[in-house]
K.L.:
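One structure coming up, written as structure tokens, with questions to follow.
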Number of protein chains: 4
Amino acid sequence: MAPTTQQPAAHDQAVSPPRGKGRPRSAAADRAILDATREALAELGWGGLTMGHVAARAGVAKTTLYRRWPSKNELVVDAVASLFDELEMADLGSLRADIEAVVAQFAVLLARPESQAALLALFAEGSRDPQLRRRVRERIVEPQKCLVQQGRAQAQLRGELSPDRDEATASEEIDIIFDTIAGTVEHRLLVSGRPITPDWISRFTTLLLNPLPGLTSTRADQDQG
Amino acid sequence: MAPTTQQPAAHDQAVSPPRGKGRPRSAAADRAILDATREALAELGWGGLTMGHVAARAGVAKTTLYRRWPSKNELVVDAVASLFDELEMADLGSLRADIEAVVAQFAVLLARPESQAALLALFAEGSRDPQLRRRVRERIVEPQKCLVQQGRAQAQLRGELSPDRDEATASEEIDIIFDTIAGTVEHRLLVSGRPITPDWISRFTTLLLNPLPGLTSTRADQDQG
Amino acid sequence: MAPTTQQPAAHDQAVSPPRGKGRPRSAAADRAILDATREALAELGWGGLTMGHVAARAGVAKTTLYRRWPSKNELVVDAVASLFDELEMADLGSLRADIEAVVAQFAVLLARPESQAALLALFAEGSRDPQLRRRVRERIVEPQKCLVQQGRAQAQLRGELSPDRDEATASEEIDIIFDTIAGTVEHRLLVSGRPITPDWISRFTTLLLNPLPGLTSTRADQDQG
Amino acid sequence: MAPTTQQPAAHDQAVSPPRGKGRPRSAAADRAILDATREALAELGWGGLTMGHVAARAGVAKTTLYRRWPSKNELVVDAVASLFDELEMADLGSLRADIEAVVAQFAVLLARPESQAALLALFAEGSRDPQLRRRVRERIVEPQKCLVQQGRAQAQLRGELSPDRDEATASEEIDIIFDTIAGTVEHRLLVSGRPITPDWISRFTTLLLNPLPGLTSTRADQDQG
DNA sequence: GGCTAAACGAGACGGTACGTCGCGTCTTCCA
DNA sequence: TGGAAGACGCGACGTACCGTCTCGTTTAGCC
């Protein structure tokens, strides 16, 4: 998605030419600003991040920055969001492997200083500002959730999971798994402050996997009956 | 725990006499400040909370405030920490019931606007300030973790869980369960922004319970079927 | 005089053909800009006048504005100068009547909000910017001074004043009279903030033409000759 | 008069102790600010004068500056006003000598770069801001006017001028003389940009005290009596 | 009647100063 | 000597204009 573009330009149609009549916004500035934001975030943390500082580091006037993003929050969302684009679901042939891979990916992402500095702060700010909350969800949370959905679909194709009974139930199951994976990984890394090792991933995956309702393999059956 | 009291005065035991020669510190001021902090937090959120505002609302000079707490962060920790004191582990006779009860309690706590405003913000600030991090863990995170430990012990007494093999493993198991419960609940409420209903609690507990390694009984089956 | 026309084009004579090959400058824009300037000046005063505002009000791009006038100062000089073109010396048959008439005219001119807002401000800016100073003198001060010269010549023709002894003395006398008339009227209106009534004009003219009212000795006569 | 003191403190009673409960305002800061303002004014002129610059040069925070003066205008009034306190009426034994002395004093004052930079600008701003206008009059214009009043009284004592007939007429006469002296001197120095020499002073004083040089008829006498 | 070149509207751009806000420290007086 | 009151230095904020620039679009004169 393009930078915020407060004017209702290039919003939905990514292809639509700038159309505006005046001088077009500099794409280089966008890049420089986002890069500067990520760097500053990594170096100084959320609290040390200053609009003036970002502008200076990007070689851009503060006004240019405000013309594109209304506040530090929105800027950081966009700056950090791109990092989350690199998350992708592998298809490793088994549900367990897929989960472990995605958790590992997520852990690597959260180990970056810029995402650490930004993530909790954005969530915190978002708890008061619904606008921001929406944005954070769109740009950061959804991409993660997508992976869960995708992994689930793959597992269903493979026959590891039974197909969806109905839309609503499926959605609820995705939600709960998603909150569990994302929440737990974030809590361990950012709150408990302990590292995420392959061993931990394995244990956690076991915790998740064993009882998944609708699991067709016989592991659960044994546990359960 | 009493307020920070940078001077080595009255620490834990309220019994210690005022000691100093001059005028003793006003206990009423402490209470007023913490109350004001919680109220302001609920009304204005973390970002809207200012030391000046708190002081004014508490009818207290800023000086008084800084004499007791070195910064906004520490103040909020103390103000919010007391809320977490009310968490307690029930003993309802089964692990499942105990878990559901504690999750429900936690959910209720996180529904309060003051804890919502404070929690993520404190975690975020803590990720840069080790001092604060320590403090947050002592006052907020540990009490929660304690419950997990306690619930586990109860279950072991009841025979639902096998006794600890060794210290290290036990600690790891507690950690993973704790991060999962706390992280998931927080993520659902504060990030996904969806309510925690009895139904959700039941599903989540099932997810946790079913395969727990070391689970000796098949209670879970009964609960589920 | 045509607008600044930084390119060495049409300067005094409007007859000079546009010469250039491209699209000629819009005369309508010039008019619109100057009108907008005068209006904005009257409404918002000097301080409230911005180039952007003038451009918007004139329905013109800022570029167009800067193409013609290098700065706010120059623009305002041109916008206000035309007002001073309407000053003219009457020949009413006596020096006193002529002076009173010209003072009255000047007072009327200075009562306009746009000239009030502009005049002192231009003088003030001019005290640092010799370029502007020159321009202000050419367009605003000289026309006034001309009247003094003209009035003096008329009075000499009538025999009310003795003819010039020499060039230098004449110039000095004109200067002193001019500074006195212009300075006094401006000071009364713009600094003291009191109105200029026919009665005041009469008193002032008397002061110029006569000795101090109430002067008891004839010292002055002795001093003079 | 003390600095603006926006709080209704020490306004009328110059003797009243600061009275306020908190930390009193630093008198040193006041002095430093006013000095810095005068210096900056002399060096950079009105346009180059910046609140931030003044604060920095005075070794003071911008906030401190704004706590005392609401804007650049008010600050400059106070900074420049003190210069005008040094104006005083000599008693040299004759009206002519007194006038020449006071005009000379005024000319010297207006030759200072700080007053040149400030005076017209203040007058200009004042033409839009009645608050400022009042202030300028109180602190700058009145002191000058006082001298006229005083000189007139001296001349009356000496018998050079006939005593006041009535209050109103006296006031009007003072006004007209005052506007003439102040306006003319300012116009010559600041608008015409020519120096004020002893010779010019003599000519101007003659103009004030006598009829127009070279006036051939005795019209004035007829008009007057 | 197409070509060329300037003027035009729109508006983004790098700057500078603005006036405000909150911080955490300090100084003063009062109880 | 603790506490209220509030001034202080600091530094970031977000805004307003500045004067320049880069676009795409007229609008003329000239070949």
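Chain A is the first sequence line, chain B the second, and so forth, proteins listed ahead of strands; every chain is numbered from 1. Here the structure is a predicted model, which is why all the values come from computation and not from measurement.
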K.L.:
Would you please confirm or rule out a distance under 4.0 Å between OP1 or OP2 of dC21(F) and any side-chain N or O of Arg67(C)?
P.N.:
no

K.L.:
Rounded to the Å, how far apart are Leu49(B) CG and dC21(E) P?
P.N.:
17 Å

K.L.:
Does any non-hydrogen side-chain atom of Leu49(D) lie less than 4.5 Å from one of His53(D)?
P.N.:
no

K.L.:
Taking 4.0 angstrom as the limit, do Arg25(C) and Asp30(C) come out as a salt bridge?
P.N.:
no

K.L.:
Are the charged groups of Glu43(B) and Arg57(B) less than 4.0 angstrom apart, N to O?
P.N.:
yes

K.L.:
Nearest to the side chain of Tyr66(C) - dT20(F), dG9(F), dG14(E)?
P.N.:
dT20(F)

K.L.:
For Lys72(A) and dC21(E), what is the distance between atoms NZ and C1' respectively, to the nearest whole Å?
P.N.:
15 Å

K.L.:
Tell me: CZ of Arg57(B) to C1' of dG22(E), nearest whole Å?
P.N.:
17 Å

K.L.:
May I ask you to evaluate whether Thr63(A) reaches the phosphate of dA16(F), defined as a side-chain N or O under 4.0 Å from OP1 or OP2?
P.N.:
no

K.L.:
Side-chain contact, heavy-atom cut-off 4.5 Å: Trp69(C) with Val77(C)?
P.N.:
no

K.L.:
With distance as the sole criterion, do the side chain of Lys62(A) and the base of dG14(E) form a donor-acceptor contact below 3.5 Å?
P.N.:
no

K.L.:
Among dC18(F), dA12(E), dG14(E), which nucleotide has an atom closest to any side-chain atom of Met51(C)?
P.N.:
dC18(F)

K.L.:
Please report the interatomic distance CG(Asp78(C)) to CD1(Ile33(C)), rounded to the nearest 0.5 Å.
P.N.:
11.0 Å

K.L.:
Start at the 5' end of DNA chain E and walk down; is the nucleotide closest to Gly52(B) or to Gly48(D) reached first?
P.N.:
Gly48(D)

K.L.:
What integer distance in Å separates Leu75(A):CG from dG14(F):P?
P.N.:
11 Å

K.L.:
At less than 4.0 Å, is any side-chain N or O atom of Arg25(C) found next to OP1 or OP2 of dA6(E)? Yes or no.
P.N.:
no

K.L.:
Nearest heavy atom decides the nucleotide; on that basis, is His53(B) or Ala27(A) closer to the 5' end of DNA chain E?
P.N.:
Ala27(A)

K.L.:
If you assign Thr50(A) and Ala29(D) each to the DNA chain F nucleotide with the nearest heavy atom, which residue ends up on the more 5' nucleotide?
P.N.:
Ala29(D)

K.L.:
For the pair made of CH2 in Trp69(B) and P in dC23(E), what is the distance, rounded to whole Å?
P.N.:
15 Å

K.L.:
Figure out the CD/C1' separation between Glu74(D) and dG19(E), and round it to whole Å.
P.N.:
14 Å

K.L.:
Over how many whole Å does the gap from Leu44(A) atom CG to dA12(F) atom C1' extend?
P.N.:
14 Å

K.L.:
Check whether any side-chain N or O of Arg23(C) sits under 4.0 Å from OP1 or OP2 of dG29(F), and answer yes or no.
P.N.:
no

K.L.:
Could you state the CG-C1' distance from Leu65(B) to dG6(F), rounded to the nearest angstrom?
P.N.:
15 Å

